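What you see is a predicted model; the values in this text were computed from it and never measured.
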Amino acid sequence: MNQSHLNELDRERLLGVDGNKASSDDGSHDDDHGHALSWRDVNRVLFVATAAGAIWFLGRSPNPYIVGIGVICTVVGGFPIFHEAYENITQRRMTMELSMAIAIVAALAIREIFTALVITLFVLIAEILEGLTVGRGRKAIQHLVDLLPSVATVRRSGAWTDVEIGDVSANDQVLVRPGGRIPVDGKVVGGHSFVDQAPITGESMPVEKQPGAIVYAGTINQSGALEVRVERLGRDTTFGKIIEAVETAEKSRAPIQGIADRLAGYLVYFALTAAVLTFLISHNIRSTISVVIVAGACGIAAGTPLAILGSIGRAAQQGAIIKGGLYLEKLGEVDTVLLDKTGTLTYGTPELLDVHAAPGTSATTLLRTAAIAESRSEHPIAKAILRKATQLGVPYEDPAIFEYTPGKGIVARNDGDEIIVGNQHFLLERGIQFKQENGSMPGSEIFVAGGGRFLGTLQIADTLRPEAKNAIQSLKSMGLRTVLLTGDAKTVAEDVGHKLAVDEIVSDLLPEGKLQYVRLLTERGHKAAMVGDGVNDAPALMQASVGVAMGSGTDVARESADVVLIGSDLSKLVETLQTARRCRRTIMQNFVGTLVVDSIGVGLAAFGFLNPLLAAFIHVSSEMAFILNSAKLLPPVSSANQFVRGILSQSASTTN
């Protein structure tokens, strides 16, 4: 079965489209809402331009034959405009195509053939320019899908075999050679290399990969060969989620987009009303036509969805999946950011931070004794102790006897000596005497005794993500209030909160407590974004104005959230918030700009200062200015992210 990277069934499942319908015979691709650039469009423009030039050369002669030919050329060349206007009438929708069609017909009625042709020419050129900016459609999504390889090298019966990607299953081992694209999401089980993850996480530098590291479909292996155990395929990969998010966003409509559509309709009614008043007062048909022509809402109608889709694409390129225009809009309105601690501000993995040996005991002896007792434990704290012992080359062995008391600690025996590891109350219960320090340390303090003697303490704590502090400062510099919500004890929460300088710290919270806090903020009129990674964060993620999940978090958290940070990098949250605000600012600029241009243009046209040609030029120029203003939000084109821009190239045709 011929394919570019997926078998046909998987491609249809991933894209949700029939590849056979993606293109038309003339090299263009049509969809339900608009069309892309084709030779037919270019020929139509050349035809109308030639007709307008001929009329001008003939001196706009009133000869009925010339008038008839001009009318025919206008109707033939402007067929797309009239066709769209007819559909608008049947659907009872008032759009700019309808108003421009009215203006063209009015110009023909008063035998302003040259004016009608030039207006038609302006509109057709504007549509081509718009198509170049925003009209690539489904072919761009196909280009995105084609970035994945069609064949994967899989270990079968002890040997590496090339198979179609559709025949790969979860838990298979895939070999990715240097220079190849990774076909699946999975975990590295062998080899060492550097991977270009820019298409997925937005990271500018290649990331080192060794056994245990996570790799993403669509990224590029650069140096060494990697063996990857398959975890997710097709639409379930992070790459597939990006496609799905953009497709969903394309179909969804943010509230501000509905406002844009209504405003566009109001502006059309305003222009027609002003035209009627102009004619009743001045009886000047040219001024009346100019009023109809100059008022344009296409910049709003086309620019708004382009800004939304462009921003979603830019966020995806930066490493965040926004699941729809609605959530992008809400993200731009956020005034408070609520942050879970474990797994969000920290790695969620306990680390041994310090070793405090008692007088007469070396740090090595203390660590070795604790490692012996913990070697049979599956507790995260035990893993932290064993990991540090291995890193420092401290030898240890399994104890002869091992007893674990939940919530207290471990009693073990090795070479006849009793080892006790646990909290201070556990050691006191076992008759171990030691000097207690005043105050409590952040994190967990593990007390260790051996041979009936206190040996010292180990300080275990979750480590902060390196970007967390800068991310918090950036959020505060944006005027956002930051709140730490955690189920940890007050001392632990305050230690983390003070290090990061968050505005408020709320500790000892169960999942219901986080949910109640979010509800309280909502009732007070705040727009809150909740950032979390665990099952216990899911209720709060769903209750918040916008739920943001860490990519390394649980499936429940990712499904409950409206935004997913692919690389679990908090700096991506800052960039996403900035993108959302920029999107909102751009849309408002288009709103205000359109109102100003239309108001001034209608006024000048009504008083006879604009002829139809100048009115058409102002209409087209302002429309393109606002569309290009929105196009600035598209991700920059590069070898790593051109695919995202391709997807986003199809917005204005959905409303214009």
- Query: If every non-hydrogen atom of Ala307 is compared with every non-hydrogen atom of Cys583, which pair is closest and at what distance?
  - Reply: O-SG, 3.6 Å

- Item | Distance (rounded to the nearest 0.5 Å) between Tyr404 OH and Glu374 CD | 9.0 Å

- Message: Measuring from atom CG of Leu367 to atom CD1 of Ile385, what distance do you get when rounded to the nearest 0.5 angstrom?
- Response: 8.0 Å

- Out of curiosity, Thr336 OG1 to Leu521 CG, how far, rounded to the nearest 0.5 Å? 5.5 Å

- Query: Can you find a pair of side-chain heavy atoms, one from Asp340 and one from Lys514, that are under 4.5 Å apart?
  - Reply: yes

- Distance (rounded to the nearest 0.5 Å) between Leu475 CG and Gln578 CD: 9.0 Å

- Can you tell me how far the CG atom of Asn470 sits from the CG atom of Leu500, to the nearest 0.5 Å? 10.0 Å

- Message: Treating Arg376 as the side-chain partner and Ala412 as the backbone partner, does any N or O pair qualify as donor plus acceptor under 3.5 Å?
- Response: no

- Before giving the answer on side-chain contact (heavy atoms from CB on, under 4.5 Å), spell out for Gln543 and Met530 the whole-Å C-alpha distance, their side-chain angles and the decisive distance to 0.1 Å. CA-CA 9 Å; Gln543 180 66 38; Met530 174 69 196; over 6 Å; no

- Message: Arg519: which residues meet the side-chain hydrogen bond (donor to acceptor under 3.5 Å, both in side chains) condition with it, sequence neighbours left out?
- Response: none

- Query: Is it true that Lys388 and Glu351 have a side-chain N and a carboxylate O under 4.0 angstrom from each other?
  - Reply: no

- Message: Minimum heavy-atom separation for Val184 and Val228, please, with both atom names.
- Response: CG2-CG1, 4.4 Å

- Steps toward side-chain contact (heavy atoms from CB on, under 4.5 Å) verdict (Lys209, Leu226): CA-CA 8 Å; Lys209 298 295 181 181; Leu226 292 175; 4.2 Å; yes

- Message: What I'd like to find out is whether the side chain of Leu484 reaches to under 4.5 Å of the side chain of Lys341, using heavy atoms alone.
- Response: yes

- Message: Return the CG to CD distance between Leu345 and Glu467, rounded to the nearest 0.5 Å.
- Response: 9.0 Å

- Message: If the test is side-chain contact (heavy atoms from CB on, under 4.5 Å), which one of Val506, Asp503, Val502 qualifies with Val483?
- Response: Val506

- Is there a side-chain contact (heavy atoms from CB on, under 4.5 Å) between Arg584 and Arg581 once you walk through the steps? CA-CA 5 Å; Arg584 183 173 180 80; Arg581 287 188 167 190; 5.8 Å; no

- Query: Of all heavy-atom pairs between Val546 and Asp562, which one has the smallest distance, and what is that distance?
  - Reply: CA-OD2, 3.5 Å

